[in-house]
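Positions are given from 1 along the sequence. Note that the structure is predicted; figures quoted are calculated from it, not measured.
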Amino acid sequence: MSRRLRLWILTVGGLGFAILFTTACLRLPDFGGNSHPYGDRAVGAALAHHTANVVSAVNFDQRAFDTLGEETILFAAVLGTVVLLRQTRDERQVRPTPAQISVPIRGYALTMLPVTLLVGLYVVVHGQLSPGGGFQGGVVAATALHLLYIGADYRALERIRPVGLYEIGDAVGEGAYLVLGIAGLLGGSAFLANTLISYGTFNTLASGGFVPLLNAAVGMEVACAVVVLLAGFLGQAVEIEKEAGT
């Protein structure tokens with residue numbers, strides 16, 4: 001494909017997007033007005049399914065299929081990174097030497113590790129009730145583990161980060177989301193339809209039907225994916241060296 005043809009395709013695509021975007025903006029409610037049709041519908045649907053956090057209701061109920069796509073993008077990105085960063089024939093693995101960490105940094109990191117991990121798990125579990133959810137809590141939980149790398153050394157991180165197990169966890173989290181979606185079909189409804197189980201009592205941990213389950217699946221997938229992703233980059237930076245003469 002020539003450069004000129006690529007520019008024509010880009011121009012046509014850009015014009016098409018500009019027309020659609022402008023048309024959509026012209027039909028938006030007036031800024032600061034009393035008409036909020038999309039927000040009213042989203043809030044109404046969230047309340048109907050006993051989900052206090054409307055954002056989670058949108059992500060894991062009203063547009064749960066879109067969230068599956070977002071989760072799958074992360075899953076595919078991690079898979080691609082693992083493939084690209086695998087050790088090649090002209091590389092060798094060298095065990096890193098223990099790092100010297102100052103006492104204040106070590107104390108702070110080791111103190112904050114369990115606190116950060118607890119916060120991450122809290123955000124995932126309470127995703128249907130308060131701001132946050134599986135994506136945010138998963139990243140926080142994965143970050144907590146790497147405080148051990150900052151507060152101790154790389155070998156200490158390796159002991160609590162068996163990458164193979166986290167790779168399995170990543171796949172299980174992705175698969176659990178799909179299984180919950182298929183359960184809707186088997187129950188005579190639609191894919192990822194929030195109809196099979198009770199919506200529970202509003203503003204409690206057991207509320208929202210499928211929302212907390214999908215939140216947990218995403219939290220597991222995101223946490224494990226971030227750990228595997230950082231393991232690949234850290235391995236390249238800390239352990240992998242080029243063979244002499246290459």
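The backbone N or O of Val228 lies less than 3.5 Å from no partner atom in the side chain of Glu167, so there is not a single donor-acceptor pair. His50 places no side-chain N or O within donor-acceptor distance of the main-chain N or O of Ser207, the cut-off being under 3.5 Å. Looking only at distances, no side-chain donor or acceptor of Asp170 sits under 3.5 Å from a matching main-chain atom of Cys224. Under the 3.5 Å distance criterion, the side-chain polar atoms of Gln128 are left unmatched by any main-chain donor or acceptor of Ala52. In this structure, the side chain of Asn53 engages the main chain of Gly127 through a donor-acceptor pair within 3.5 Å. Of the possible polar contacts, none joining the Glu71 side chain to the Glu221 backbone as a donor-acceptor pair under 3.5 Å is found. Not a single donor-acceptor pair under 3.5 Å links the side chain of Ser189 to the backbone N or O of Gly187. In this structure, the side chain of Asp61 does not engage the main chain of Phe210 through any donor-acceptor pair within 3.5 Å.
Summarising the geometry, atom OG1 belonging to Thr116 is positioned 11.0 Å from atom CG belonging to Leu121; distances are rounded to the nearest 0.5 Å. To the nearest 0.5 Å, atom CZ of residue Arg161 and atom CG of residue Leu230 are 8.5 Å apart. Rounded to the nearest 0.5 Å, atoms CG (Leu10) and CG (Leu5) are 11.5 Å apart. Note: Leu192 CG to Thr67 OG1 = 9.0 Å, rounded to the nearest 0.5 Å. Note: Thr51 OG1 to Asn59 CG = 11.5 Å, rounded to the nearest 0.5 Å. For the atom pair CZ of Phe135 and OG of Ser56, the computed distance is 10.5 Å after rounding to the nearest 0.5 Å.
Looking at Val163 and Glu158, their side chains never come closer than 4.5 Å, going by heavy atoms from C-beta outward.
Using cut-offs of 30° and 60° on the angle between ring planes, the pair Tyr154 and Tyr149 is perpendicular. Ring-plane geometry between His49 and Tyr199 is classed as parallel, the angle between the planes falling under 30 degrees on a 0 to 90 degree scale with a further cut at 60.
Neither Val179 nor Val222 shares a network with the other; the hydrophobic side chains, linked directly or stepwise wherever heavy atoms of I, L, V, M, F, W or Y lie under 4.5 Å apart, form separate groups for each. Residues Val124 and Val218 do not share a hydrophobic cluster, clusters being chains of Ile/Leu/Val/Met/Phe/Trp/Tyr side chains in contact below 4.5 Å. Put simply, Phe17 and Ile19 are part of two different groups of oily side chains (I, L, V, M, F, W, Y) that touch within less than 4.5 Å, one to the next. Transitive grouping of hydrophobic side chains (ILVMFWY, heavy atoms separated by less than 4.5 Å) brings Leu147 and Val226 into a common cluster. Leu145 and Met112 fall within the same hydrophobic cluster, defined by Ile, Leu, Val, Met, Phe, Trp and Tyr side-chain heavy atoms under 4.5 Å apart, directly or through other members.
Partner of Tyr177 under the side-chain contact (heavy atoms from CB on, under 4.5 Å) criterion, chosen from Leu68, Val172, Leu213, Ile182: Leu68.
Ile160 and Pro162 get closest at one heavy-atom pair: C-CD, 3.4 Å. Nearest heavy-atom pair, Pro29 versus Pro37, reported as atom, atom and distance to 0.1 Å: CG-CD, 3.6 Å. Across all their heavy atoms, Gly209 and Pro212 have their closest contact at O-CD, 3.3 Å. Ala156 and Leu148 get closest at one heavy-atom pair: O-CD2, 3.2 Å.
More than 12 heavy atoms of other shown residues, nucleotides or ligands fall within 6.0 angstrom of atom CZ in Phe202. No more than 12 heavy atoms of other residues, nucleotides or ligands shown are found within 6.0 angstrom of OH on Tyr38. At most 12 non-hydrogen atoms from other residues, nucleotides or ligands lie less than 6.0 angstrom from CZ of Arg41.
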Before giving the answer on side chain to side chain contact (heavy atoms under 4.5 Å, CB included), spell out for Ile101 and Asp153 the whole-Å C-alpha distance, their side-chain angles and the decisive distance to 0.1 Å. CA-CA 8 Å; Ile101 308 296; Asp153 58 23; 5.8 Å; no

